[in-house]
Amino acid sequence: MSQPILQIRDLQVEYATPNGPALAVSDVSLDLHEGEFLAVVGESGCGKSTLLFAIAQLLTYPASVTGGSVVFEGVDLTSLTPEELRQHRWRDISVVMQSAMNALNPTLTIGAQLADACEAHTDWDHERIAERSAEVLSMVSIDPVHLRSYPFQLSGGMRQRAMIAMALLLEPKLVIMDEPTSALDVVAQRLLMRQVETLRRELGFSVLFVTHDMSVVSHFSDRLAVMYAGEVVELGATRAVFDNPQHPYSQGLMEAFPSLLGEVRELTGIPGNPPSLVNPPPGCFFAARCPHATDECRELRPELVTNDEHAVRCHLINKVARV
Ligand code: SF4
């Protein structure tokens, strides 16, 4: 496998709350390789979007990185000044936000917003900006005539594709996507994912993709990181995690969404709620909801242990792996 372009080590993010700091992301370590598509999945509030914002260095108060590092091509982004970070944004790393309607400026045309980004990050003249803007819109199957359109004149799927066009303006090596399909219907979701996949293969950028919807990433990601209560509880090749989820929480997630192939089965949820992140329990964060929890689980926090390129944070699995 290629060298990682992104190395996240022991990353920790806290939110300041009136009751004390809430540990939103806890000891997350991940590598992302050149051209790889890594999906981060988990239920709402598990810390996946906070993790992406921490990687992109876009957190604002009350959230802050309180430990660990985010090294992109040898540079620790957590140590850079805002001006130094600006040099990396768009050129090296770009972000596609959850809701294009909120992320796009409703008072400017798509062309004006593309031009703003170019003017802020390049010394291109008007002709070059117009040429590149038309090019990236065509790349996402939007007729360049829409450079003169305002966001409200585009459909939801087109707006989201326009966001992807903006993210690709300066040919970044890493595109971070925060639930870009969540506001789209199933057909538009599938079209958008196919487009991202085609562009990734053609242009070679890496994708870090956050979603709560397992079915969105099941066919498109190379690897899957499952997050629960701010921790990565399972990490492995997407096919391996789908075919043989090992952490009890991942197993519960798989049971909670329908498969298009195979037998029709009854869907089940995961009873209970995640723990308080202000006063997290001493042992496994999933213990209160886990059907296999033991006294050891309630007292001792499991480590993320890698076995044959598949990492799991569970006493039960790790004991079996050691036998
Ligand atoms: Fe369940 Fe224990 Fe594994 Fe946690 S460590 S997931 S409580 S079996």
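All ligand and atom numbering here is 1-based and tracks the order in the structure. Sequence positions, counted from 1, serve as the residue numbers for this chain. Since the model is a prediction, treat every value here as computed from it, not as a measurement.
Of the protein's non-hydrogen atoms, the one nearest atom 3 (Fe) of ligand 1 is Cys314 SG, 2.3 Å. The shortest contact between atom 1 (Fe) of ligand 1 and any protein heavy atom is with Cys290 SG, 2.3 Å. Among all protein heavy atoms, the one lying closest to atom 5 (S) of ligand 1 is His315 N, 3.3 Å.
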Working for side chain to side chain contact (heavy atoms under 4.5 Å, CB included), residues Leu168 and Phe205: CA-CA 9 Å; Leu168 298 179; Phe205 54 84; 3.6 Å; yes
Asp125/Arg128 under salt bridge (charged side-chain N to carboxylate O under 4.0 Å, His left out): CA gap, chis, key distance, verdict: CA-CA 5 Å; Asp125 59 24; Arg128 175 77 185 102; over 6 Å; no
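Hydrophobic clustering (ILVMFWY, side-chain heavy atoms < 4.5 Å, transitive): Leu30 and Val71 are in distinct clusters. Taken together through direct or relayed side-chain contacts under 4.5 Å among Ile, Leu, Val, Met, Phe, Trp and Tyr, Val70 and Leu23 form parts of separate hydrophobic clusters.
Checking Cys284 against atom 4 (Fe) of ligand 1, an N/O/S atom falls under the 2.8 Å cut-off. Atom 2 (Fe) of ligand 1 has an N, O or S atom of Cys297 under 2.8 Å away, backbone or side chain.
When heavy-atom distances to ligand 1 are checked against a 4.0 Å cut-off, His247 comes that close only through its side chain, counted from C-beta outward.
For the residue pair Glu83 / Gln87, a side-chain donor-acceptor distance below 3.5 Å is found, with atom types taken as modelled.
Using a 4.0 Å cut-off between a side-chain N of Lys or Arg and a carboxylate O of Asp or Glu, Arg313 and Asp27 do not qualify as a salt bridge.
Near Ala287, meaning under 4.0 Å from one of its heavy atoms, ligand 1 places the atoms 7 (S). Per-residue contacts place Ala293 under 4.0 angstrom from the following atoms of ligand 1 (heavy atoms of the residue considered): 7 (S).
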